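Labels below follow one simple rule: chain letters A, B, ... track the order of the sequence lines, proteins then strands, and each chain is numbered from 1. Everything numeric in this text was worked out from a predicted model, so none of it was measured.
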2 protein chains.
Amino acid sequence: MVDVKRVEPRLPLTRDRVLRAAISVADDGGIGALTMRRLAEVLGAEAMSLYHHVANKEEVLDGIVEVITSEINELVERIDLPAEGAAWKKAVRARILTAREVFLRHPWATRVFESRTGSNPAVLRYNDGLIGLMRAGGFTHDQIHHALHALGSRAMGFSQELFDPGTGPVTDEALAALTELAETFPHLVAMLLEVAHDDPASTLSWCDDQTEFEFGLDLILDGLDRLRGRS
Amino acid sequence: MVDVKRVEPRLPLTRDRVLRAAISVADDGGIGALTMRRLAEVLGAEAMSLYHHVANKEEVLDGIVEVITSEINELVERIDLPAEGAAWKKAVRARILTAREVFLRHPWATRVFESRTGSNPAVLRYNDGLIGLMRAGGFTHDQIHHALHALGSRAMGFSQELFDPGTGPVTDEALAALTELAETFPHLVAMLLEVAHDDPASTLSWCDDQTEFEFGLDLILDGLDRLRGRS
DNA sequence: ACCTGAACACCGTTCAAGT
DNA sequence: ACCTGAACACCGTTCAAGT
């Protein structure tokens, strides 16, 4: 239980090392495990030493957003796809799905990103890239502005689900429990039962996150494409 | 500073009174102000007394979602619009924009909703209603399932923005600071400058939340409408 | 300059004791 | 049954003191 793992016995602390350790702590134990004390422990230092490199915990969280977005930027800027005219959609889609891969490796990070809309150089850079692609596609600045709002967090590769039947397996117990709710929520139960039945792989899980993400993304991108060149 | 306001001097505590007090505390001071101790204070009791009516703070947050969603349900179920065929869109749109009004009164609540996807009877009921409308419109269960994922939190009337130039006024200082960033983020700065210039009311704010929400919502609803009746 | 021990002002929650 | 005071095990953060 007392798993005191120090990254390095005695490397000097730096802002960058603090931030990377913070990401690693959250990767291991979720965002709840990220406390200043635990962070210091992983770095082989005392909690109070961290304050010489970051102003406070808020700055640690801001820094996490910065580091992760920089990682995304490195990946997406390596993508070499044409974006002129109709090609914009493929280029934007590739960027967004690449960004998504980073979040799949840091599932806890989406919540951190949502909690701080404050502008961050790396996030600005990511958006600047997207805007450039859409300009090449022929959109007006006004259209792009609307588009970014419409995409919301999808522009960075993740979406916040409020309605989630769960990604766990569709057990017989779950199906039975569902059937009991049929009178109270007839439409919902009918839908879920049919979704579970239709999908031959439904024994795996209720919803395929990636499929649903791409469906929503394409719905929006296709809708935007229809506005292109108009007005 | 010591503003000890008790809702009622000596009413017996109930789960419902605790939850409504919790909403009122958050309305006044944001979600950060909602502590068990502060909540008890408002109710004229000790923090420990709350635990006779709720298991823990998690249950308080779950209860908040329940109470707010019930308020939404009462409002949307009073809407009497036809949903058959092409009329589905207007009906769904009206429900979602009505739900949105409730969140505009409790801006802190969106974060609470996002943090707990666990099924809640009131949330299930809200979704059941939406599904019913879309069935009337002629969608398959499978299409509706995709649609709910695509809408995400928009189905309940709010959207999580990652890119937000701010809703504050467009000051000369902000414009000057923006111009300095032009070299680093050329596309972003060009877009923001044009958005600020184009809008005659831009002296008010960068983005109109309601306009952007409706743009994104209509983009998705229109996209869904095109799928209706197919496959 | 960088790091630290002790302490402060908070949390949520437990527990034994009150009415 | 419902409520409470004192206490526990945590937080983030400050401060004076060490090297």
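Judged as a side chain to side chain donor-acceptor pair (under 3.5 Å), the pairs with a partner in residues 92-107 of chain A (not counting sequence neighbours) are, in order, A/Asp27-A/His106, A/Glu71-A/Arg105, A/Arg93-A/Glu214, A/Arg93-A/Asp218, A/Arg100-A/Gln210.
In this structure, A/Ile31 places its CD1 atom 14 Å from P of D/dC11, rounding to the nearest Å. In this structure, OH of B/Tyr51 is placed 17 Å from P of C/dA16, rounded to the nearest angstrom. Between the CG atom of B/Leu43 and the P atom of D/dT4 there is a distance of 11 Å, rounded to whole Å. Spacing between atom CE of A/Met36 and atom P of D/dC10 amounts to 18 Å, rounded to whole angstrom units. Protein atom CZ of A/Arg38 is 17 Å distant from nucleotide atom C1' of D/dG12, rounded to whole Å. What separates NZ of B/Lys57 from P of C/dT13 is a distance of 8 Å, to the nearest Å. Rounded to whole Å, atom P of D/dC10 lies 17 Å from atom CG of A/Leu34. Taking atom CG of residue A/Leu13 and atom C1' of nucleotide C/dT4, one finds them 12 Å apart after rounding to whole Å.
Counted by atom type alone, B/His149 and B/His145 present one or more donor-acceptor pairs between their side chains at under 3.5 Å.
Phosphate contact (OP1/OP2 of D/dC2, side-chain N/O of B/His53, threshold under 4.0 Å): absent.
Side chain of B/Glu46, nearest nucleotide from D/dT4, C/dG5, C/dT13: D/dT4. Here D/dA6 is the nucleotide among C/dC3, D/dA6, D/dT14 with the atom lying nearest to any side-chain atom of B/Met48.
Counting only Watson-Crick and G-U wobble pairs whose two distances sit under 3.5 Å, DNA chain C takes part in these stems of three or more pairs: C:4-8 with D:12-16, C:12-16 with D:4-8.
Contact annotation: the side chain of A/Leu43 approaches that of A/Leu50 to within less than 4.5 Å [non-hydrogen atoms, C-beta and beyond]. For the pair A/Leu34 and A/Ile31, the minimum side-chain heavy-atom distance is below 4.5 Å.
For A/Arg125, the CZ atom sits in a loose shell: 12 or fewer heavy atoms of surrounding residues, nucleotides or ligands are nearer than 6.0 Å.
Residues satisfying the side-chain contact (heavy atoms from CB on, under 4.5 Å) test with A/Arg15, not counting sequence neighbours, are A/Leu19, A/Val54, A/Glu59, A/Glu66.
For A/Ser49 and B/Arg37, each mapped to the nucleotide of DNA chain C holding its nearest heavy atom, the one lying further toward the 5' end belongs to A/Ser49.
Evaluated for a side chain to side chain contact (heavy atoms under 4.5 Å, CB included) with B/Val102, the options B/Thr69, B/Ile72, B/Val76 yield exactly one hit, B/Ile72.
On a pure distance criterion of 3.5 Å, no polar donor-acceptor pair joins the side chain of B/His52 and the base of D/dC2.
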